[in-house]
Structures are given as structure tokens and as C-alpha cells.
Amino acid sequence: MNKILALITISDNGIETIKSTPELPKKEMEFINQWKKESILESFFISVSKKNAVLIFQNIDESKAKELIEALPYFPYMAKVEYHNLNKQF
């Protein structure tokens, strides 16, 4: 089964803005929880520093994954987003 992995890095300035704006994380998690309910987000990992995240999408293609990531409230604060097409082996 094919998956799309999105590897996100938040900029240093961005992480400071996010930390100082409590409504931003709440808005971000609304998207994450909705995608989980819709079964398009299989897994979500966040680093201890909260500067990096890994999202594993299923049942969508890479262009849809990019569209979803770009809709996130954190998107303006992302320094880098990498997309990888994965083929699940087990």
C-alpha cells in the first residue's frame, strides 16, 4: 500500500511565534484530528523540541498531501517540507 510521508521543519522564528500564540496549536490540531477521522492521516509524530513533525498520509496522492499541508495554520512558519512516496512492505 502506498503512503505519502511529509517531513516538516518549523523555522526558528516560527516556533517562537507558535509558542507565543496559544490558539495556533489548537487550530493546527483541529486539522490533524479531522484528517485522522477521515482516514487520510495514518500517523502523526512530533519531535520533543516541537520543531519537526512527520505525517504519514494514506489513500491520497502527493499533490493532495501538498494541498493539505499548505492549508495548515503552521504552514507560513514552515522552513522546509519534504514529501516522500513510500511503499509499505509490512
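No hydrogens, no waters, no symmetry mates; every other heavy atom, side chains included, goes into these values.
One hydrophobic cluster, built from ILVMFWY side chains closer than 4.5 Å, cannot hold both Val54 and Phe57; they sit in different ones. Follow the hydrophobic side-chain contacts under 4.5 Å out from Leu7 and you never reach Leu41; the two are in separate clusters. Using a 4.5 Å cut-off between side-chain heavy atoms of Ile, Leu, Val, Met, Phe, Trp and Tyr, with links allowed through other members, Leu86 and Ile40 fall into different hydrophobic clusters. Under the 4.5 Å side-chain heavy-atom criterion for Ile, Leu, Val, Met, Phe, Trp and Tyr, Ile4 and Trp35 are members of the same hydrophobic cluster. Residues Val81 and Phe31 share a single hydrophobic cluster, defined by chaining ILVMFWY side chains whose heavy atoms lie under 4.5 Å apart.
Interatomic distance, CE of Met29 versus CG of Leu24, reported as 13.5 Å (0.5 Å rounding). Note: Ile8 CD1 to Lys80 NZ = 12.5 Å, rounded to the nearest 0.5 Å. Summarising the geometry, atom CD1 belonging to Ile10 is positioned 8.0 Å from atom CD1 belonging to Ile46; distances are rounded to the nearest 0.5 Å. A distance of 8.0 Å separates NZ in Lys66 from CD in Glu70, rounded to the nearest 0.5 Å. For the atom pair Asp61 CG and Glu67 CD, the distance stands at 9.0 Å (nearest 0.5 Å). Between atom CZ of residue Phe45 and atom CD1 of residue Ile56 there is a gap of 5.5 Å, rounded to the nearest 0.5 Å.
Within the 3.5 Å criterion, the main-chain N or O of Ser39 finds a donor-acceptor partner in the side chain of Gln58. Remark: side-chain polar atoms of Thr9 are not paired, donor with acceptor, to backbone N or O of Asn52 under 3.5 angstrom. A donor-acceptor pair under 3.5 Å is absent between the side-chain atoms of Glu23 and the main chain of Thr21, judged by distance alone.
Listed here is the closest heavy atom pair of Tyr77 and Gly14: CB-CA, 3.7 Å. Taking both residues in full, the closest heavy atoms of Pro76 and Pro73 are given as CD-O, 3.2 Å, listed atom of the first, atom of the second, then distance. Residues Tyr74 and Glu28 come closest through the heavy atom pair N-OE1, 2.9 Å.
Counting heavy atoms from C-beta on, the side chains of Asn2 and Asn85 never come closer than 4.5 Å. Using a 4.5 Å heavy-atom threshold, the side chains of Ile18 and Pro25 count as touching. Counting only heavy atoms from C-beta outward, the side chains of Leu55 and Ile69 approach each other to under 4.5 Å. With a 4.5 Å cut-off on side-chain heavy atoms, Lys51 and Asp12 count as touching. Residues Leu72 and Met78 are in side-chain contact: their nearest non-hydrogen atoms beyond the backbone lie under 4.5 Å apart.
Considering only residues two or more places apart in sequence or on other chains, Asn13 meets the side-chain hydrogen bond (donor to acceptor under 3.5 Å, both in side chains) condition with none of them.
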Could you give me the CA-CA distance, side-chain angles and deciding distance for Lys19 and Ile15, then say whether side chain to side chain contact (heavy atoms under 4.5 Å, CB included) is met? CA-CA 6 Å; Lys19 286 179 180 179; Ile15 200 70; 4.0 Å; yes
Which is it for Glu30 and Lys27 under the salt bridge (charged side-chain N to carboxylate O under 4.0 Å, His left out) test, yes or no, and what are the steps along the way? CA-CA 5 Å; Glu30 287 175 11; Lys27 288 180 182 177; over 6 Å; no
